[in-house]
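In this text the structure is predicted, and so the values were computed from the model without any measurement.
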Amino acid sequence: MFSLPAAAAILAAYLLGSLSFAVLVSRTMGLADPRSYGSGNPGATNVLRSGNKKAALMTLLFDALKGFVPVLAVLLFGARWGLDPAVAAFVGLAAFVGHLWPVFFRFQGGKGVATAAGALLGLNPVLGGSVLVIWLLVAFATRYSSLASIAAAFSAPLVQALVWGVDASLLAIVGMSLLLVWRHEGNIRKLLAGTESKIGQKATAPAAHAKASAHPPRHLHPHAPKTGHGRKGHRK
């Protein structure tokens, strides 16, 4: 299954996946870096917390395309190079890994939900569509993007195995699913604690909050000099 063309396709997919469109779109539109507010995750859901729906939609689209395009390219043009659908599945996994650990952004990436969805849609539109429907249903019912993503991650390999059977592609899909759940470890903790942010919930930058906390009002400062009526009784 693996050959020099396969290795080249996997590497190219990883590099494409390493383009963090949440950061790039935010920079282009003059928005704050999505890694500086909310969950700190460079993804469409966190960009939406900036209040700019257009930027969030563009991020979602481009993140999905960087998973979809390399997989579809292998399926359409890979046969002449000996690349089969199993290689296409691992190409999708490579794009997903690129999003998680982008070489162009100091290996600090997002959770990869949109990229994984794009890869699945490119690999098998019915599978990708089924998983997307599951995500939408859970997200609509709970308004938790993280919970919807975890549910979709668990469903992807199950649907693949039950409908299309066990093959080499399933290994790549299982890999994506396990990594996606692992990347949501912090969200799982927040969900259990009841502190997880919901879709569309705006969040202020942690840095701004810290700055405000570092400079309390003067009348609350323990070493602030007393003024006004505080010295009135000592006046002659």
(message) With a 6.0 Å cut-off (strictly less than), is the heavy-atom count around CH2 of Trp164, excluding the residue itself, greater than 12?
(response) yes
(request) Starting at OG1 of Thr59, measure out to CG of Leu31 and round the result to the nearest 0.5 Å. (result) 9.0 Å
(message) Other residues, nucleotides and ligands only: do more than 12 of their heavy atoms fall within 6.0 Å of CZ on Phe154?
(response) no
(request) Could you grab the distance from atom CD1 of Ile150 to atom CD of Glu185, nearest 0.5 Å is fine? (result) 10.5 Å
(request) I would like to know whether Ser145 and Trp135 meet side-chain contact (heavy atoms from CB on, under 4.5 Å); could you show each step before the answer? (result) CA-CA 8 Å; Ser145 174; Trp135 189 96; 3.7 Å; yes
(request) Indicate the atoms forming the closest heavy-atom contact of Ser197 with Tyr144, along with that distance. (result) O-CD2, 3.7 Å
(message) Quick check for you: to the nearest 0.5 Å, what is the distance between Ser149 atom OG and Asn187 atom CG?
(response) 8.0 Å
(request) Might you point out which heavy atoms bring Asn41 and Gly110 nearest each other, and give the distance in Å? (result) OD1-CA, 2.9 Å
(message) Same cluster or not: Val131 versus Leu170, using hydrophobic residues (I, L, V, M, F, W, Y) connected whenever any side-chain heavy atoms lie under 4.5 Å apart?
(response) no
(message) Can a side-chain donor-acceptor contact be found between Glu196 and Ser146 if the only test is distance below 3.5 angstrom?
(response) yes
(message) Can you tell me how far apart CG (Leu180) and NZ (Lys111) are? Round to the nearest 0.5 Å.
(response) 9.5 Å
(message) If the test is side chain to side chain contact (heavy atoms under 4.5 Å, CB included), which one of Thr115, Val97, Leu120 qualifies with Met176?
(response) Leu120
(message) Whether the side chain of Asn46 engages the backbone of Arg49 through a donor-acceptor N/O pair (distance < 3.5 Å, no angle test) should be reported.
(response) no
(request) Would you give the length of the straight line joining atom CG of Leu76 to atom CG of Leu83, rounded to the nearest 0.5 angstrom? (result) 12.0 Å
(message) Within 45 degrees of the ring normal and closer than 6.0 Å to the centroid, is that where the cationic atom of Lys66 sits relative to Phe21?
(response) no
(request) Rounded to the nearest 0.5 Å, what's the gap from CZ on Phe104 to OG on Ser18? Could you check? (result) 5.5 Å
